[in-house]
Chemist: 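Got a structure for you, written out below as structure tokens; questions coming shortly.
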There are 2 protein chains.
Amino acid sequence: MVDKSICPRFEKAMGLLSQRWTGMIIYQLLIGPQRFCTIESSVGVSGRVLSERLKDLENEGIVNRKVYPETPVRIEYSLTEKGLALEPLMKDIEKWSQIWLDV
Amino acid sequence: MVDKSICPRFEKAMGLLSQRWTGMIIYQLLIGPQRFCTIESSVGVSGRVLSERLKDLENEGIVNRKVYPETPVRIEYSLTEKGLALEPLMKDIEKWSQIWLDV
DNA sequence: TTAGTTAGTTACTTTATGTAAGTAAGTATA
DNA sequence: TATACTTACTTACATAAAGTAACTAACTAA
């Protein structure tokens, strides 16, 4: 008795955003372009998973990766237009959490 | 070098919403009160995980569980005020997905 | 030559999820 | 009386995802 009436786009979006750490990474990148180690320490995600998530987000066109061949190499991750479009959503989570959650 | 400057409330909210299936369950309950088997089939989550999630959501005060001692027993899950307050957020995901994702 | 940098990757362990069968409490059917 | 059928779960077991820590590449500086 399958009765999936849920919009497949919504389902895909939720599938992306409900991966562990993905939301936190995007939220952190809303501050501005950042390098790997900065995201790692501010978000508290392991390098193994961060590397995986950034690859996925890049493939989805949500995150941009820019290499600066300095020494040591600097790589900056930033949000694309598609990624920046998630800001209202993040603000809503912020609002909700401030009203309904206590620390 | 730990530099977690992220708001703990936001982090908790994201921790809740980024659990697999949680968002879909809430989205489905926005339609109205529903029983276990309806959520199970419409969302496509397994009974094992659905049971776990509904317990968590009830503990968080997001979902309400009401027992109707009919035969066979009917149990209806619905969103509390706190849960309903997540609607704008869900609408944002909907909007974003419709603009930025293709099926 | 040794040490130090960033941005990863690899191997291994622990946790989360999927799958399918089982349970409890009750009614209806043979 | 026995068997089957309902919902709402739970349990046991298998697989997938995430955590941890060590390792690598490419380059510079001491």
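In what follows, chains are A, B, ... by sequence order, proteins preceding strands, each numbered from 1. Just so you know, these numbers use all the heavy atoms, side chains as well, and skip hydrogens, waters and symmetry mates.
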Chemist: Closest-nucleotide mapping onto DNA chain C: is A/Y77 or B/R20 further toward the 5' terminus? I mean the 5' end.
Modeler: A/Y77

Chemist: Can you tell me if the side-chain N/O atoms of B/W21 get under 4.0 Å from OP1 or OP2 in C/dA16?
Modeler: no

Chemist: So, A/K91 and A/E94, do they make that salt bridge, N to O below 4.0 Å?
Modeler: yes

Chemist: Whole-Å distance between C/dG8 C1' and A/R35 CZ?
Modeler: 13 Å

Chemist: May I have the distance from B/M24 (atom CE) to C/dG18 (atom P), rounded to whole angstrom?
Modeler: 13 Å

Chemist: When the distance from CZ of B/R74 to C1' of C/dG26 is rounded to whole Å, what number comes out?
Modeler: 16 Å

Chemist: Under 4.0 Å: is that the gap between some side-chain N or O of A/R53 and OP1 or OP2 of D/dA18?
Modeler: yes

Chemist: Could you label the plane-to-plane angle of the B/F10 and A/Y27 rings as parallel, tilted or perpendicular, counting under 30° as parallel and over 60° as perpendicular?
Modeler: parallel

Chemist: Roughly, in whole Å, what's the span from OH in A/Y68 to C1' in C/dA7?
Modeler: 16 Å

Chemist: Taking A/T80 for its side chain and A/I62 for its backbone only, find out whether a donor-acceptor pair lies under 3.5 Å.
Modeler: yes

Chemist: What's the CG-P distance between A/L50 and C/dT9, to the nearest Å?
Modeler: 10 Å

Chemist: From C/dA7, C/dT6, D/dT20, pick the nucleotide closest to the side chain of A/S46?
Modeler: D/dT20

Chemist: Taking the nucleotide of DNA chain C with the closest heavy atom to each, which residue, A/R65 or B/G47, is nearer the 5' end?
Modeler: A/R65

Chemist: Over how many whole Å does the gap from B/K66 atom NZ to D/dA8 atom C1' extend?
Modeler: 18 Å

Chemist: Base, sugar-phosphate, or nothing for A/T71, non-hydrogen atoms under 4.0 angstrom?
Modeler: sugar-phosphate

Chemist: Identify the heavy atoms of A/G44 and A/W21 that sit nearest to each other, and give their distance.
Modeler: O-CH2, 3.7 Å

Chemist: State which of D/dA8, C/dG8, C/dT17 makes the closest approach to the side chain of B/I75.
Modeler: D/dA8

Chemist: Atom CG of B/L54 and atom C1' of D/dT7: how far apart are they, to the nearest Å?
Modeler: 14 Å

Chemist: Just how far, in rounded Å, is C1' of C/dT27 from CD of B/E70?
Modeler: 13 Å

Chemist: Which is true for B/R48 with a 4.0 Å heavy-atom rule: it touches a base, it touches only sugar-phosphate, or it touches nothing?
Modeler: base

Chemist: Has A/S51 got a side-chain N or O lying under 4.0 Å from the OP1 or OP2 atom of C/dT9?
Modeler: yes

Chemist: Taking the basic N atoms (NZ, or NE/NH1/NH2) and the acidic carboxylate oxygens, is any pair closer than 4.0 Å for B/K12 and B/E60?
Modeler: yes

Chemist: Is any side-chain nitrogen or oxygen of A/K55 closer than 4.0 Å to OP1 or OP2 of C/dT9?
Modeler: yes

Chemist: Both distances below 3.5 Å, Watson-Crick or wobble geometry, any strand: find the nucleotide opposite D/dA30.
Modeler: C/dT1

